[in-house]
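Written out below as structure tokens is the structure these notes cover.
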Amino acid sequence: GKQASALQEAAQREETLRQANATVVALRANGEEALEASNEEVQKLVAAMVELEKQSRQQVSVLWEKNKELEEQAAMKQAQLAQRVADLEEKLKEQEQLLQKANIASVASLRRTY
């Protein structure tokens with residue numbers, strides 16, 4: 001009787017141990033799966049971040065090019081305007097000289113008349 005119940009207890013302990021081991025194995029498998037999944041998620045996020053950084057770098061370089069282009073255009077316009085102002089000033093000087101000559105001539109002709 002005593003031996004039978006001792007054997008029964010031992011068998012029960014063995015069964016409990018077996019179940020506990022099975023649970024540990026299942027939990028470990030679940031944990032590894034979860035870790036793999038989260039690693040994949042992290043890799044996806046990192047890839048997305050790298051892509052975003054690449055895109056923003058491209059956008060920045062496009063804007064930089066556009067800005068350089070606009071600056072060059074502005075510099076050219078400024079140079080053209082400066083040239084036009086210089087031309088107009090030159091014409092104005094010529095006109096003033098012509099007026100002076102005309103004035104001198106008319107004064108001289110007035111003197112001759114009187």
Any pair with a residue in residues 60-88 that passes salt bridge (Lys or Arg N to Asp or Glu O under 4.0 Å), sequence neighbours left out, goes on the list, sorted by first then second residue, please.
Glu65-Lys68
Is there a side-chain contact between Gln95 and Leu99 (heavy atoms, below 4.5 Å)?
no
How many angstroms lie between CG in Asn21 and CZ in Arg18, if you round to the nearest 0.5 Å?
9.5 Å
Are there more than 12 heavy atoms of other residues, nucleotides or ligands under 6.0 Å from atom CD of Glu14?
no
Could you give the distance from CD (Gln12) to CG (Leu7), rounded to the nearest 0.5 Å?
12.0 Å
Rounded to the nearest 0.5 angstrom, the CG-CZ distance for Asn30 and Arg28 is 12.0 Å
Working to the nearest 0.5 Å, report the span between CE of Met76 and CG of Leu81.
11.5 Å
Which hydrophobic side chains are connected to Val25, either touching it within the sub-4.5 Å cutoff or through other members that do?
none
Taking Lys91 first and then Glu94, would you say they form a salt bridge - that is, a charged N and a carboxylate O separated by under 4.0 Å?
no
Full working for side chain to side chain donor-acceptor pair (under 3.5 Å) between Glu15 and Gln19:
CA-CA 6 Å; Glu15 178 58 23; Gln19 281 176 358; 3.2 Å; yes
First locate atom CD of Gln97, then atom CD of Gln100, and finally report the distance between them rounded to the nearest 0.5 Å.
7.5 Å
Distance col, row Ser61:OG vs Gln59:CD, nearest 0.5 angstrom, shows 9.5 Å
Decide if atom CD of Gln73 counts as having more than 12 heavy atoms of other residues, nucleotides or ligands within a radius under 6.0 Å.
yes
Sequence neighbours excluded, which residues qualify as salt bridge (Lys or Arg N to Asp or Glu O under 4.0 Å) partners of Glu53?
Arg57
Count the heavy atoms belonging to other residues, nucleotides or ligands that lie under 6.0 Å from CD of Glu51, then report whether that count exceeds 12.
yes
Within the supplied structure, the quantity of interest is the number of heavy atoms (other residues, nucleotides, ligands) at a distance under 6.0 Å from Gln55 CD; does it exceed 12?
yes
